[in-house]
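Presented below is the structure to which this report refers.
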Protein chains: 2
Amino acid sequence: MVDKAISNLFEHLFKMDTLSGHDTKEKILNVAEELFAQHGFDSTSMREITGKAHVSLALVNYHFGSKEKLLIALVEKHFSAINEERRRIYEALRRDFEDKPIPLETILRATIKPFSEKMHQTPQKIMGLVQINSHQIKNNPSFWADMWRKHFSDITEWFVREIHLTLPNLSEDDIYFRFHFMIGCMLSSIANPDRLELISKDKIRIAESEDRYQEELIRFCINAFTD
Amino acid sequence: MVDKAISNLFEHLFKMDTLSGHDTKEKILNVAEELFAQHGFDSTSMREITGKAHVSLALVNYHFGSKEKLLIALVEKHFSAINEERRRIYEALRRDFEDKPIPLETILRATIKPFSEKMHQTPQKIMGLVQINSHQIKNNPSFWADMWRKHFSDITEWFVREIHLTLPNLSEDDIYFRFHFMIGCMLSSIANPDRLELISKDKIRIAESEDRYQEELIRFCINAFTD
DNA sequence: GTCTATAGAACGATAGAC
DNA sequence: GTCTATCGTTCTATAGAC
């Protein structure tokens with residue numbers, strides 16, 4: 001027990017003392033995010049990351065253990081941030097609406113906005129991180145299942161419960177299917193926004209329509225839930 | 001001219017004579033498709049491909065020129081097959097409906113089915129091929145634009161024109177946005193069907209709901225186009 | 001057309017000095 | 001915590017025999 005306390009104390013002092021170390025870790029994380037999103041996981045070498053971050057090659061392994069664990073740290077960082085904001089909004093909504101159903105649009109907005117806004121903050125295509133091609137992660141069949149359970153179970157439960165309250169005519173299965181397609185829609189919108197410019201023959205420019213893009217996505221999903 | 005004729009003749013005899021060669025090319029294509037889809041482009045080595053195809057490493061370069069060109073050949077093969085079927089259906093529909101608008105559901109079914117059925121034929125997740133991480137392809141900014149213009153321009157034009165006829169209240173931009181999100185939906189549904197099992201906590205099993213999966217996707221899109 | 005053998009480059013990881 | 005140097009591996013691509 002005393003050992004534990006002393007160890008904690010040292011850990012604390014240690015952390016206080018090495019904000020510069022923290023900066024390096026953060027810098028690697030930021031550069032890796034940009035490069036992974038741009039080129040994908042496998043096409044991004046640790047030499048690229050550390051080169052662009054102006055730190056030595058060895059520091060990825062020192063701070064994260066491996067290239068793969070760096071990726072996982074990165075993905076989880078974003079999942080946490082997005083879902084924490086959702087939880088915050090969800091709780092406020094339930095409080096505000098007491099026992100009444102929350103309007104569909106409000107539910108969808110609360111779910112989509114924390115995601116697509118976070119994505120605009122980090123202008124890189126974050127989905128390069130989620131559509132991962134790493135062998136080891138793919139060969140661990142429970143990786144995504146574990147990730148899902150850790151970060152998204154409660155979000156899903158809230159969403160399904162609230163949609164059920166708001167749209168009692170939809171069966172449970174209906175809601176599952178539509179939530180699934182809606183997520184696909186969100187992911188793909190963020191991962192490949194350029195396609196809209198191709199489809200519209202450059203009549204719509206993403207850069208000039210950022211707000212509209214989000215609003216159209218929300219409207220698309222509102223419709224999709226409404227028979 | 002005579003040269004050309006002779007050359008064509010030789011080419012013909014050559015092809016007749018080397019069905020085994022054709023088999024090898026096809027075999028490489030099939031194995032590559034499976035592995036690219038499973039592990040992604042960068043994580044699949046030519047050694048893996050040629051090993052599993054029981055041919056020598058050098059044959060990929062002989063038949064396709066490079067690993068990258070093999071991928072492009074593969075992607076284009078599928079694009080062609082899917083879109084040829086769409087064109088066939090589209091033409092028949094326009095003929096059948098004379099000058100009348102085609103019902104929304106019929107338009108969407110004609111667009112979605114050739115895609116999602118093709119995907120079930122090749123059980124591999126074909127989207128591993130489309131969400132490509134290759135440096136060279138990504139660094140060629142016009143690669144996807146060229147691909148799009150070559151394979152999807154006419155499909156898009158037909159779709160936009162018909163939707164406009166059927167749903168005259170939608171603006172041109174509205175149609176572009178929704179077609180864009182719909183494609184995202186289709187791609188993501190095929191790329192990550194497992195997510196539905198996670199969402200539903202295994203209450204819905206993909207293997208047992210293949211037809212329903214497609215029908216729910218179509219319904220989702222019908223709704224999405226209907227305000 | 002198909003093979004073996006290998007060149008040449010890039011990668012992830014780690015040991016060891018500071 | 002950060003660095004340099006390097007090990008061992010694996011990759012794509014190609015040369016050359018058959």
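Here is how names work: the chains are called A, B, and so on, in the same order as the sequence lines, proteins then strands, and each is numbered from 1.
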Which of C:dT4, C:dG12, D:dT4 is nearest the side chain of A:Ser56? It is D:dT4

Sorted by chain and number, sequence neighbours left out, salt bridge (charged side-chain N to carboxylate O under 4.0 Å, His left out) with A:Glu197 holds for none

note: A:Leu57, atom CG; D:dG1, atom P; distance rounded to Å ~ 18 Å

With a 4.5 Å limit on heavy-atom distance, are the side chains of B:Lys113 and B:Arg86 in contact? no

Whichever of B:Ser45 and A:His54 has the more 5' nearest nucleotide on DNA chain D, that residue is A:His54

Side-chain atoms of B:Ala58 come closest, of C:dA13, C:dT14, C:dT4, to C:dT4

Taken to the nearest whole Å, NZ/B:Lys69 to C1'/D:dA13 is 12 Å

Worksheet entry | Phosphate OP1/OP2 of C:dT2 contacted by B:Thr24 side-chain N/O (<4.0 Å) | yes

note: B:His63, atom NE2; C:dC3, atom C1'; distance rounded to Å ~ 12 Å

Here the distance between atom P of C:dG12 and atom CZ of A:Phe64, to the nearest Å, is 15 Å

note: B:Lys25, atom NZ; C:dG1, atom P; distance rounded to Å ~ 9 Å

Salt bridge (charged side-chain N to carboxylate O under 4.0 Å, His left out) filter on B:Asp202, not counting sequence neighbours, yields B:Arg205

Taken to the nearest whole Å, CG/B:Leu59 to P/D:dC18 is 18 Å

Could you check whether any side-chain N or O of A:Ser209 sits under 3.5 Å from a backbone N or O of A:Tyr213, counting only pairs where one atom can act as donor and the other as acceptor? no

What is the nucleic acid contact for B:Val55, judged by heavy atoms within less than 4.0 Å: base, sugar-phosphate only, or nothing? sugar-phosphate

A:Phe41 atom CZ is separated from C:dG12 atom C1', nearest whole Å, by 10 Å

A:Asn61 atom CG is separated from C:dG16 atom P, nearest whole Å, by 16 Å

